[in-house]
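All of these numbers come straight from a predicted model, not from anything done at the bench. Note: hydrogens, waters and symmetry copies are ignored here, and every other heavy atom, side chains too, is used.
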Amino acid sequence: MELIVALGVIVFKVALVIAILLLLPLPLTWLERKIAGHMQQRMGPMRVGWHGLLQPVADGIKLLTKEDHIPADADRFLFKLAPILALAPPFVVFAAIPFGETVSVLGNEITLYISNLNVALLFVFAVIGLEVYGVIFGGWAANSKYAVLGSLRTCAQMISYEIPMGFAVIGVVMLAQSMSLLDIVRAQTDVWNVVYQPIGFFVFFVAGLAEAQRIPFDLAEAEGDLGAGFHTEYSGIRFALFMVSEYVVMVLVSVLTVILFFGGWNGGLIPLPPLLWFLLKVAFFVYLFMWFRFTFPRYRYDQLMAIGWKVLLPLSLANIIISGVVFS
């Protein structure tokens, strides 16, 4: 009986996480458009619902009912597979993400995570690296010059930024003496890692912007010169899957930033529930993603490569050496 209950709890957690991640882009798209509007001294969405609250629902209905167009010369199998490959890895990663320790429900202690992997950090980087295949396949399969250029840019961008992103967390692993995300958060009970790892945080967050393909690093889309980049030929629900993937990756990078460098659910001076502290920190970094989008211009491709290889990679290597000397 206990085994059945345990399996039921796991299934419920998985279903809850999937449901939240699928619905999360609805409020985030509205919020992003509102933030953009107020930054640019306009109102943003206002017509559908009070202050445009139902605009994401209207957009979702539109995408679901639009024609699912596939170019005549496209590789139909890869064209259909690409959005799934882009969406699945970010969802899988959340199986290893802890949102807190435990909560008591009807006298039962329930953990706020699906699994506690002792190599969770390695699992996260290994799985999230697969997300780029969806973008590459989407651009290649469409048999469109704009789409192919966007996918090739993405391939080079991911290689250039995932390396320093991985190096940036080595200092965190040194401090926690573990690759378990739970252990990393527990090690920050007194002092957050950002105090000891400011360089690591800077490299990780900038590389995370590139990983999420957000401005100023959205060279894969670059609507100004590539039409819409790798998803130029996509429409309807397949286009929506790419957009959901982008928002889920943005939330994932925010969650990892909080866990690795800002104490996870460990609070500050104000006595708030740990889960609320965690969500507030994540919301702050999600806001930073949106703020940066409407503040900074897009880098040129050569600048993108230069930042990755000439700035972030040396900084991440220097951070490893300094951390090894200081914390050995």
Check: [Y] and [X] side chains under 4.5 Å, non-hydrogen atoms:
{"X": "I259", "Y": "F278", "answer": "yes"}
{"X": "L260", "Y": "L181", "answer": "yes"}
{"X": "I128", "Y": "P90", "answer": "yes"}
{"X": "L279", "Y": "F99", "answer": "no"}
{"X": "V248", "Y": "F91", "answer": "yes"}
{"X": "F125", "Y": "V169", "answer": "yes"}
{"X": "K13", "Y": "T111", "answer": "yes"}
{"X": "M290", "Y": "M250", "answer": "yes"}

> Is it true that R238 and E233 make a salt bridge, defined as a side-chain N closer than 4.0 Å to a carboxylate O?
Replying inline: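 No, no charged N to carboxylate O under 4.0 Å.
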> Salt bridge between D59 and R33, side-chain N to carboxylate O under 4.0 Å?
Replying inline: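 Salt bridge flag = yes for R33 with D59.
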>> Within the supplied structure, the quantity of interest is the number of heavy atoms (other residues, nucleotides, ligands) at a distance under 6.0 Å from R47 CZ; does it exceed 12?
In response: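 No.
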Going by the rule side-chain contact (heavy atoms from CB on, under 4.5 Å), which residues pair with [X] if we only count those two or more places apart in sequence or in a different chain?
{"X": "E162", "answer": "M158, E211"}
{"X": "V17", "answer": "L21, F94, I114"}
{"X": "I237", "answer": "L64, A240"}
{"X": "M174", "answer": "I170, I320, S323"}

> For F239, which residues count as a ring pair (Phe, Tyr, Trp, His ring centres under 6.0 Å) partner, sequence neighbours excluded?
Replying inline: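 H231.
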>> Under 4.5 Å side-chain heavy-atom separation, chaining through any Ile, Leu, Val, Met, Phe, Trp or Tyr, what else clusters with F12? Say none if it is isolated.
In response: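 Besides F12, the cluster holds L16, I20.
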>> Between F201 and F262, is the ring-ring contact (aromatic ring centres under 6.0 Å, His included) condition met? List the steps.
In response: CA-CA 9 Å; F201 160 66; F262 285 84; 5.1 Å; yes
> Going by atom types only, do Y247 and E32 share a side-chain donor-acceptor pair under 3.5 Å?
Replying inline: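 Yes, a side-chain donor-acceptor pair sits under 3.5 Å.
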> Any luck finding a side-chain donor-acceptor pair between K281 and S254 under 3.5 Å?
Replying inline: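 Judged by distance alone, the side chains do not pair up.
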>> Before we go on, tell me: are the rings of F261 and F205 under 6.0 Å apart, centre to centre?
In response: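 No, the ring of F261 stays outside the 6.0 Å limit from the ring of F205, centre to centre.
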> Do the ring planes of F217 and Y161 sit parallel (below 30°), tilted (30 to 60°) or perpendicular (above 60°)?
Replying inline: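 Tilted.
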> Taking atom CG of D183 and atom CG of L175, what is their separation to the nearest 0.5 Å?
Replying inline: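 So the gap between those two atoms works out to 13.0 Å.
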